[in-house]
Amino acid sequence: MAQVGDRIPSAALLHKAGGDVTEVDISERVAGRRVVLFGLPGAYTSTCDTAHLPSFVRTADAFRAKGIDEIICVAANDVLVMEHWGEASGAVAAGITMLADWNSELAKGLDLAFSVPAVGLKDRMTRCAMLIENGEIKVLQVEEDSGVCSLTAGEALLEMI
């Protein structure tokens, strides 16, 4: 599992804004910047939709006030779902970048992937939140239970920065 001090691996994620889909190498995206990245099991899933994403929408301005260059939400959904969820939830309006880890490349690269075949979840990202500075993980919070969002909520990470 990823740890403080690790570097963010190269992983190809997708971003959709308007009609354009672009590939984002996450290691290049965070290089030379202070970035908050939070990962979650899936768009529109219960805890992700009612607690995790909304906590970062609420705290987006406070993160920027602490010098955060970008807030990124990552989930193992397709780029269309991530775009829609970002718009419907207010995340895009709050300036949060919604990236699709469509093939779980980042989740696997960070050793944060999990599967629950009984409910159709395969290689999803474990609920996490991190501060990245110039590509290095400086703060990392990971939930033991994917149905809980306490250590990884925006407010919890904000207090650690």
Note to self: Trp102 vs Met82, test: side-chain contact (heavy atoms from CB on, under 4.5 Å). Steps then yes/no.
What the structure shows: CA-CA 10 Å; Trp102 63 277; Met82 291 301 287; over 6 Å; no

Item checked: CA sep, side-chain torsions, deciding dist, call: Arg29, Thr97, side-chain contact (heavy atoms from CB on, under 4.5 Å) -> CA-CA 11 Å; Arg29 182 69 165 248; Thr97 304; 3.7 Å; yes

Transitive ILVMFWY side-chain link [X] to [Y], under 4.5 Å:
X: Leu53; Y: Val36; answer: yes
X: Leu158; Y: Ile71; answer: yes
X: Val24; Y: Leu14; answer: no
X: Val4; Y: Met160; answer: no
X: Val139; Y: Met1; answer: no

Taking all heavy atoms of [X] and all of [Y], pick out the closest pair and write down the distance.
X: Pro9; Y: Ser27; value: O-CB, 3.7 Å
X: Ser55; Y: Gly154; value: OG-N, 2.8 Å
X: Asn103; Y: Lys108; value: O-NZ, 4.0 Å
X: Arg34; Y: Ile161; value: NH2-CG2, 3.5 Å
X: Ala156; Y: Ser150; value: CB-O, 3.3 Å
X: Ala100; Y: Asp78; value: CB-C, 3.8 Å

Would a distance-only check, ignoring hydrogens and angles, find a side-chain to backbone donor-acceptor pair under 3.5 Å from [X] to [Y]?
X: Arg127; Y: Phe38; value: no
X: Thr152; Y: Cys149; value: no
X: Asp101; Y: Ala76; value: no
X: Arg124; Y: Val116; value: no
X: Glu155; Y: Thr59; value: no
X: Asp69; Y: Val35; value: no
X: Glu105; Y: Leu13; value: no

Next item on the list: Please indicate whether Lys122 has more than 12 foreign heavy atoms, meaning atoms of other residues, nucleotides or ligands, lying under 6.0 Å from its NZ.
Entry: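 Incorrect, the count does not exceed 12.
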
Starting at [atom1] of [X], measure out to [atom2] of [Y] and round the result to the nearest 0.5 Å.
X: Trp85; Y: Cys48; atom1: CH2; atom2: SG; result: 5.5 Å
X: Leu40; Y: Thr45; atom1: CG; atom2: OG1; result: 6.5 Å
X: Ile26; Y: Ile132; atom1: CD1; atom2: CD1; result: 6.5 Å
X: Leu112; Y: Asp123; atom1: CG; atom2: CG; result: 12.0 Å

Notebook entry, point to check: So do the side chains of Met130 and Leu110 get within less than 4.5 Å of each other, counting heavy atoms only?
Noted result: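 Side-chain contact under 4.5 Å: yes.
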
Check: Among Leu106, Asn77, Leu37, Ile72, which residue meets the side-chain contact (heavy atoms from CB on, under 4.5 Å) test with Leu99?
Finding: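 Result: among Leu106, Asn77, Leu37, Ile72, Ile72 is the only option passing the side-chain contact (heavy atoms from CB on, under 4.5 Å) with Leu99.
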
Check: Could you go step by step and tell me if Ile137 and Gln3 meet the side-chain contact (heavy atoms from CB on, under 4.5 Å) rule?
Finding: CA-CA 7 Å; Ile137 300 172; Gln3 298 179 35; over 6 Å; no

Notebook entry, point to check: Any side-chain hydrogen bond (donor to acceptor under 3.5 Å, both in side chains) pairs touching residues 14-23, not counting sequence neighbours?
Noted result: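 Pairs touching residues 14-23 that pass the test: Lys16-Glu83.
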
